[in-house]
Novice: 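Pasting a structure below so you can have a look.
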Amino acid sequence: MPELPEVEHAARSLRAWMQGRCIVRAAAERGRVLRDEDPRRFARVLSGRTLESVERRGKYLLLIFDREVGLLSHLGMTGKLVLREAGEVEPYSRARFELQGGQVVHFRDPRKFGRLRLAPARRLAQQPEIAALGPDAWEEPPTLRSLSESLGRTKRPVKLALMDQSVIAGLGNIQVAEALFRAHVSPRRRADQLRPEELGRLATAIRESLAFTLARLTPVQGDVSYVEEPGAANPFLIYGKAGEPCPLCGEKLRSFSQGGRTTHWCPRCQR
DNA sequence: TGACCCCTGGCC
DNA sequence: GGCCAGGGGTCA
């Protein structure tokens, strides 16, 4: 369930698995993931192509095949790219790329919130969803200056502003909660009322939180395990830990709803 | 800005 | 059986 670190990891995995390899056959099921795209066209356009490059912008993947065919991908809530041997059945596989030599890369997505869309390679970056993104939180890390400009424009709570992909691209519910905790800033604070020292701490905290999560996702193996999956230990500082003691002060961590999503925080550390 | 929707599985 | 879930989009 991907935020920037998981998508970055997916990009690295794709490069390791597919870059320079010929897709003997591509296929996809008709339905939400492909939206209005015809699966027959998907198969026709991508079969026989070679993956040339994979880029990440925010939570989107931009794949380029043979310099001309582009594929825009978003993993949604439950999307994941996995490498399997030929003939293995992959549950919830919505699309697959059969590689020369027998392996298969599946776009697995139980909840079908993910997306795959063909577009001319040349115009991938101009697709509306990509053009609407703010600076990438990892490639163009936020600074005191960039945050004071982007957050200074909105009266929304800082939690919601940081979740807005047009403000900063790549952060989701977990990374925002973790970064605000690291910065000692309350998620309820009005974005335009943060003091310079708080913005500076927040810029650092965002980079640290992303680096922390990304470090746990490497190295690339045959399969990609997300940081938090059913049964896995929760590696985060406060996310998903409401009711447990704060790792810094021991106060009980809390959660509440903000913009329809759960926000985790420490009422004593975050002001 | 908030409500609701898209989907399915896992957990209590 | 009901609630929850890290994504985005639309509508009033």
Side-chain angles (χ1 to χ4, degrees), chain A residues 1-11 28-37 56-61 72-81 90-95 106-117 127-134 136-138 153-181 187-188 190-192 206 209-210 212-214 216-217 224-243 254-265:
Chain A
M1 287 128 273
E3 298 185 26
L4 187 153
E6 290 80 9
V7 181
E8 175 64 25
H9 192 252
E29 68 172 34
R30 186 179 300 277
R32 269 190 67 79
V33 171
L34 235 52
R35 298 296 196 270
D36 42 7
E37 183 76 69
R56 182 192 55 73
R57 301 281 176 86
K59 299 172 194 169
Y60 286 88
L61 291 171
L72 202 58
S73 160
H74 195 293
L75 298 172
M77 290 269 270
T78 53
K80 186 171 179 177
L81 291 152
E90 181 61 25
Y92 312 111
S93 171
R94 308 302 177 193
H106 291 269
F107 185 97
R108 172 197 154 95
D109 184 12
R111 283 174 76 181
K112 302 183 192 173
F113 288 169
R115 259 168 300 158
L116 289 172
R117 191 155 69 75
Q127 297 302 301
E129 50 272 70
I130 302 300
L133 296 174
D136 187 87
W138 185 248
R153 277 197 295 259
T154 177
K155 298 176 178 173
R156 284 179 295 175
V158 61
K159 160 83 189 305
L160 299 185
L162 291 174
M163 295 271 295
D164 184 338
Q165 301 301 296
S166 69
V167 173
I168 299 180
L171 305 181
N173 205 28
I174 294 182
Q175 294 301 324
V176 169
E178 294 285 295
L180 286 170
F181 175 72
R188 299 181 203 261
R190 248 177 70 165
D192 62 350
I206 289 168
S209 178
L210 291 172
F212 172 82
T213 309
L214 200 47
R216 295 184 52 93
L217 290 165
V224 183
S225 188
Y226 286 156
V227 174
E228 195 203 328
E229 285 201 325
N234 175 350
F236 299 107
L237 299 176
I238 60 153
Y239 177 79
K241 296 192 171 177
R254 303 286 174 81
S255 69
F256 65 103
S257 180
Q258 234 178 346
R261 330 197 69 127
T262 304
T263 297
H264 299 261
W265 70 306

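Letters go in sequence order (proteins before strands), and every chain restarts at 1. The shown structure was predicted, so the numbers you read here are calculated from the model rather than taken from an experiment.
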Novice: When the C1' atoms of C:dG6 and B:dT1 are considered, how many whole Å apart are they?
Specialist: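 After rounding to an integer number of Å, I get 22 Å for this pair.
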Novice: Between A:H106 and A:S93, is there a donor-acceptor pair closer than 3.5 Å when you use the side chain of the first and the backbone of the second?
Specialist: no
Novice: Any base atoms under 4.0 Å from A:E129, or only sugar-phosphate, or nothing? Heavy atoms, all strands.
Specialist: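 No contact at all - A:E129 keeps every heavy atom at 4.0 Å or more from the nucleic acid.
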Novice: With no hydrogens and no angle check, is any side-chain donor or acceptor of A:R261 less than 3.5 Å from a backbone partner on A:Q258?
Specialist: no
Novice: Identify which nucleotide among C:dC4, C:dG8, B:dC7 has an atom closest to any side-chain atom of A:T262, counting heavy atoms from C-beta outward.
Specialist: C:dC4
Novice: Taking only the P atom of each, what is the distance from B:dG9 to C:dG8 in whole angstrom?
Specialist: 22 Å
Novice: By nearest atom, which of the nucleotides B:dC7, C:dG8, B:dT8 is closest to the A:Y92 side chain?
Specialist: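 The nucleotide sitting nearest to the side chain is B:dT8.
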Novice: How close do A:A28 and A:L34 get, heavy atom to heavy atom, and via which atoms?
Specialist: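 For A:A28 and A:L34, the tightest heavy-atom pair comes out as CB-CD2, 3.7 Å.
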Novice: Rounding to an integer number of Å, can you tell me how far A:R261 CZ sits from C:dC4 P?
Specialist: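 Computing the A:R261:CZ to C:dC4:P distance gives 14 Å.
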Novice: Would you kindly give the CG-to-C1' distance between A:L72 and C:dG8, to the nearest whole Å?
Specialist: 13 Å
Novice: Specify the closest pair of heavy atoms between A:T262 and A:K159, including all atoms of both residues, with the distance to one decimal.
Specialist: O-NZ, 3.8 Å
Novice: Just call it for A:R115: base, sugar-phosphate, or nothing, with non-hydrogen atoms closer than 4.0 Å on any strand.
Specialist: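 Result for A:R115 = sugar-phosphate.
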Novice: Counting only side-chain N and O atoms of A:K112, is one of them less than 4.0 Å from OP1 or OP2 of B:dC6?
Specialist: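 So the side chain of A:K112 is outside the cut-off, no N or O lying under 4.0 Å from OP1 or OP2 of B:dC6.
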Novice: Can you check the A:L214 CG to C:dG6 C1' distance for me, whole Å?
Specialist: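 To the nearest whole Å, that distance equals 16 Å.
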Novice: Grab the CE-C1' distance between A:M77 and C:dG6 for me, whole Å please.
Specialist: 6 Å
Novice: Which dot-bracket string describes DNA chain B (Watson-Crick N1-N3 plus N6-O4 or O6-N4, or G-U N1-O2 and O6-N3, all under 3.5 Å; [ ] crossing; | other strand)?
Specialist: ||||||.|||||
Novice: From the list B:dC6, C:dG7, C:dG6, which nucleotide is the closest neighbour of the side chain of A:E6?
Specialist: C:dG6
Novice: Under a 4.0 Å N-O cut-off, is there an ion pair linking A:D136 with A:R56?
Specialist: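 Here A:D136 pairs with A:R56 in a salt bridge, since their nearest N and O are under 4.0 Å apart.
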Novice: Under the side-chain hydrogen bond (donor to acceptor under 3.5 Å, both in side chains) criterion, do A:S209 and A:E178 qualify, and how do the steps go?
Specialist: CA-CA 6 Å; A:S209 178; A:E178 294 285 295; 5.2 Å; no
Novice: Does the ring of A:F113 meet both stacking tests against the six-membered base ring of B:dC6: centre distance under 5.5 Å and plane angle under 30°?
Specialist: yes
Novice: How far does the P atom of C:dC11 sit from the matching atom of B:dC7, given to the nearest Å?
Specialist: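 My reading of the P atoms in C:dC11 and B:dC7 gives 16 Å.
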Novice: So, does A:K241 use its side chain to make a donor-acceptor pair with the main chain of A:F236 at under 3.5 Å?
Specialist: yes
Novice: Minimum heavy-atom separation for A:Y239 and A:N234, please, with both atom names.
Specialist: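 For A:Y239 versus A:N234, the nearest heavy atoms are O-ND2, 2.7 Å.
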Novice: Nearest whole Å is fine: how far is C:dG7 P from A:L4 CG?
Specialist: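 Distance check: A:L4 CG to C:dG7 P gives 11 Å.
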Novice: Please give, in whole Å, the distance from C:dG7 P to A:L162 CG?
Specialist: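 Roughly 13 Å, once rounded to whole Å.
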Novice: Are A:R111 and C:dG6 close enough that a side-chain N or O sits under 4.0 Å from OP1 or OP2?
Specialist: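 Answer is no, no contact under 4.0 Å.
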Novice: Given atom NE2 of A:H264 and atom C1' of C:dG6, what is their separation to the nearest angstrom?
Specialist: 10 Å
Novice: Taking the minimum atom-to-atom distance to the side chain of A:Q165, which one of C:dA5, B:dT8, C:dG8 wins?
Specialist: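 Of the candidates, C:dG8 comes closest.
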Novice: Sticking with atom P, work out how far B:dC4 lies from C:dC3, rounded to a whole angstrom.
Specialist: 14 Å
Novice: Rounded to whole Å, how long is the line connecting atom CG of A:L160 with atom C1' of B:dG2?
Specialist: 11 Å
